[in-house]
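Have a look at the structure below before the remarks.
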Amino acid sequence: MNEAATIAMRQKYSNLHLYIDGMYTTETAMRSAAMISRYHTGKGNVFIHTKKISKHSPQAKDLFGDLVQLLKLPKRSIYFIGKTGFDLCHNGGRIILVDKNKLTKRKKKRCPGRRNNDDEEKPEQ
């Protein structure tokens, strides 16, 4: 049985996004730390999306925290997105929780343009 997780990476502007799908093991922690070390430019933030993580090992959290210190990664710029982030986040890391109730479709508002005020004098052309 292959327990290796897949890690998809995307860079948007100066931010690095990692999408982990599968079991978060010590191998996954090493691969994600290596990707951050290699591809993070030092500008922007690193976002680790945890929504598709099925299971995680407690050793992976400790190993990732050790690698953040060893590789001198920007620990205050690494954000875990999702509830699983509480179980995986290293010391000094941050967690973002998304409130699904606030993710409703927004009504599109259009700019009505300039309003004509009848009281104002219009210049003659």
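Predicted model only: the values in this text are computed from it and were never measured. Numbering starts at 1 and runs along the sequence shown.
- Among all heavy-atom pairs drawn from Ser14 and Thr41, the shortest one is O-OG1, 4.5 Å.
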Inset, instruction - Any chance you could lay out the side-chain contact (heavy atoms from CB on, under 4.5 Å) test for Asn91 and Lys75, step after step, and finish with the verdict? - result: CA-CA 8 Å; Asn91 289 336; Lys75 64 181 178 180; 6.0 Å; no

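- Within the 3.5 Å criterion, the main-chain N or O of Thr28 finds a donor-acceptor partner in the side chain of Ser32.
- Between His49 and His17 the shortest side-chain heavy-atom distance falls below 4.5 Å.
- Two residues are said to be in side-chain contact when any heavy atoms from C-beta on lie closer than 4.5 Å; Met35 and Leu18 meet this criterion.
- Residue Leu73 holds its CG atom at 8.0 Å from NE2 of His40, rounded to the nearest 0.5 Å.
- Proximity of Ile7 to Tyr19: side-chain heavy atoms (C-beta onward) are nowhere separated by under 4.5 Å.
- The hydrophobic clustering, which links ILVMFWY residues whose side-chain heavy atoms are closer than 4.5 Å, places Leu97 and Tyr79 apart.
- With Ser77 as the fixed residue, the side-chain contact (heavy atoms from CB on, under 4.5 Å) test singles out one of Asn45, Asn15, Ile36: Asn45.
- Of the residues listed (Thr84, Leu88, Ile48, Thr50), the one engaging Ile20 in a side-chain contact (heavy atoms from CB on, under 4.5 Å) is Ile48, and it is the only one.
- Here the side chains of Lys51 and Ile81 are not in contact, with every heavy-atom distance at 4.5 Å or above.
- Rounding to the nearest 0.5 Å places CD of Gln59 at 10.0 Å from OG1 of Thr25.
- Side-chain contact between Tyr39 and Gln11 is present, with heavy atoms from C-beta onward closer than 4.5 Å.
- Under the 4.5 Å side-chain criterion, counting only non-hydrogen atoms from C-beta, Arg94 is in contact with Arg76.
- Contact check for Phe64 versus Phe80: side-chain heavy atoms found under the 4.5 Å cut-off.
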Inset, instruction - Would you check, one step at a time, whether the test side-chain contact (heavy atoms from CB on, under 4.5 Å) holds for Ile96 with Phe47? - result: CA-CA 9 Å; Ile96 297 175; Phe47 297 100; 3.9 Å; yes

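- Inter-residue side-chain proximity for Met23 and Ile53 is flagged as unmet; no heavy-atom pair is nearer than 4.5 Å.
- The stretch residues 10-38 participates, sequence neighbours left out, in these salt bridge (charged side-chain N to carboxylate O under 4.0 Å, His left out) pairs: Glu27-Arg31.
- Note on Leu70: it clusters hydrophobically with Met30, by side-chain heavy-atom contacts below 4.5 Å among ILVMFWY residues.
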